[in-house]
Asks: 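Please see the structure below; I have some questions.
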Amino acid sequence: MPRHDGRADDQLRPLTFTPGIAPHALGSVLIACGNTRVICAASVEEGVPRWMKEQGVTGGWITAEYSMLPYSTLGRKPRDIAKGKQDGRGVEIQRLIGRALRTTIDLELLGPRTLWIDCDVLQADGGTRTASITGGCVAAAVACQALVAAGKVARSPLARMVAAVSVGMVGGRPVLDLDYIEDKDAAVDFNVVLTDEGRFVEVQGAGEESTFSQDEFQALVALGSRGVEQLIQRQQAALV
Ligand code: UDP
């Protein structure tokens, strides 16, 4: 059975990067992966968290925030502030984004400043966390270029690129870059994050209604790695 949108099993959704979407941020991009669209913005603040100073940790820090705009989902999703607390899913996702993006930055070269990566989902259709990582890395790279241009750092603190994609078992087959319809039906659903050297940063995966074999696990991870390789080429093209 073909995929509902006609894509090949190993085909990404149409991908675009629109840089400069948030002009007051040091670096920003709107990433579109099919109908999933996320505004990713990087801002720099002088200073580091108190725990770093207290523990004598040198260098800078990078942290991420993630949220879904109220109109990004099919039914309106109330802002967290209206409920008085951030939902657990959002906390989990922003930690994942932070961990992924921390591998991209040489924190010593960044110096005693904090790089904030804000990811706000404009339209959700599956894979918002992976789009946030892929777009967040581009925003971080643009911010690093701006720090060099402003003479704030001797050389760019960007150490490497990272990107992420989802893969899953849908209709008994491993498929790349699931949209919401596929995500809902997926028996097994993974998010893979890799660097431009093809090294894994994180693999999140669960058989939500099912279990998976060693062969399926390997097939999913291999499919995801090939997808990330393409994403990184596209990130690099967006940065020149
Ligand atoms: N979703 C939604 N409302 C929510 C959470 C999720 O509409 O509060 C939809 C949205 O399309 C999202 C998809 O469900 O992209 C899959 O959500 P998941 O938690 O798996 O995260 P994602 O795939 O976006 O990283």
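No experiment lies behind these values; they were computed from the predicted model shown. We count ligands from 1, going down the list as the structure has it; atoms in each ligand are counted the same way.
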Asks: Who's the nearest protein heavy-atom neighbour of atom 4 (C) of ligand 1, and how far?
Replies: Met68 SD, 4.0 Å
Asks: Are any of the side-chain nitrogens in Glu182 or Arg7 under 4.0 Å away from the carboxylate oxygens of its partner?
Replies: yes
Asks: Is the backbone of Leu101 close enough, under 3.5 Å, to the side chain of Thr104 for a donor and an acceptor to pair up by distance?
Replies: yes
Asks: Would you mind telling me if ligand 1 is within reach of the side chain of Val121, the backbone, both or neither, using heavy atoms under 4.0 Å?
Replies: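 Looking at Val121 and ligand 1, no heavy atom falls under 4.0 Å.
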Asks: For Tyr66 and ligand 1, does the shortest N/O to N/O distance drop below 3.5 Å?
Replies: no
Asks: Any donor-acceptor pair under 3.5 Å linking the side-chain atoms of Thr58 with those of Glu108?
Replies: yes
Asks: Answer yes or no: is there a donor N or O on one side and an acceptor on the other, between the side chain of Ser28 and the main chain of Ala22, under 3.5 Å?
Replies: yes
Asks: Report yes if some N/O of Thr130 lies less than 3.5 Å from some N/O of ligand 1; otherwise report no.
Replies: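 No: no nitrogen or oxygen of Thr130 is under 3.5 Å from one in ligand 1.
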Asks: Nearest heavy atom to atom 11 (O) of ligand 1 wins, so pick from Gly75, Ser132, Gly126, Gly168.
Replies: Gly126
Asks: Say whether, by atom type as modelled, one donor and one acceptor occur between the side chain of Arg37 and the main chain of Leu30 under 3.5 angstrom.
Replies: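 No: the side chain of Arg37 does not pair with the backbone of Leu30.
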Asks: Is it the case that ligand 1 has an N or O less than 3.5 angstrom from some N or O of Thr73?
Replies: no
Asks: Any nitrogen or oxygen of Asp189, main chain or side chain, under 3.5 Å from a nitrogen or oxygen of ligand 1?
Replies: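 Asp189 vs ligand 1: no N/O contact under 3.5 Å.
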Asks: Check for a donor-acceptor pair, side chain of Arg155 on one end and backbone N or O of Leu109 on the other, with a separation under 3.5 Å.
Replies: no
Asks: Check whether any N or O atom of Leu74, backbone or side chain, sits under 3.5 Å from an N or O atom of ligand 1, and answer yes or no.
Replies: no
Asks: Report the relative orientation of the aromatic rings in Phe217 and Phe212; use parallel for angles under 30°, tilted for 30 to 60°, perpendicular for over 60°.
Replies: parallel
Asks: What atoms in ligand 1 come closer than 4.0 Å to a heavy atom of Asp183?
Replies: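 Matching atoms, with element in brackets: 16 (C), 20 (O).
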Asks: Any chance you could lay out the side chain to side chain contact (heavy atoms under 4.5 Å, CB included) test for Arg160 and Arg199, step after step, and finish with the verdict?
Replies: CA-CA 11 Å; Arg160 59 187 65 80; Arg199 294 181 65 82; over 6 Å; no
Asks: Let me check something: do Leu158 and Val142 share a hydrophobic cluster, defined by ILVMFWY side-chain heavy atoms less than 4.5 Å apart, either directly or through other members?
Replies: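 Shared cluster, yes.
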Asks: Is there a donor-acceptor pair closer than 3.5 Å between any side-chain N or O of Asp196 and the backbone N or O of Met161?
Replies: yes
Asks: Could you tell me, atom by atom, which parts of ligand 1 come under 4.0 Å of a heavy atom of Lys77?
Replies: 8 (O)
Asks: Any idea which protein heavy atom is nearest atom 17 (O) of ligand 1, and the distance to it?
Replies: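 Here the closest protein heavy atom is Arg89 NH2, 3.6 Å.
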Asks: Nearest heavy atom to atom 24 (O) of ligand 1: which of Val38, Asp179, Asp125, Thr128 does it belong to?
Replies: Thr128
Asks: For atom 10 (C) of ligand 1, what is the closest protein heavy atom, and at what distance to 0.1 Å?
Replies: Ala124 CB, 3.6 Å
Asks: Do me a favour and list the nearest non-hydrogen protein atom to atom 23 (O) of ligand 1 with residue, atom name and distance?
Replies: Gly127 N, 2.8 Å
Asks: What atoms of ligand 1 come within less than 4.0 Å of a heavy atom belonging to Arg129?
Replies: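 Answer for ligand 1: 18 (P), 19 (O), 20 (O), 21 (O), 22 (P), 25 (O).
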Asks: Quick one: nearest non-hydrogen protein atom to atom 13 (C) of ligand 1, plus distance?
Replies: Tyr180 CD1, 3.6 Å
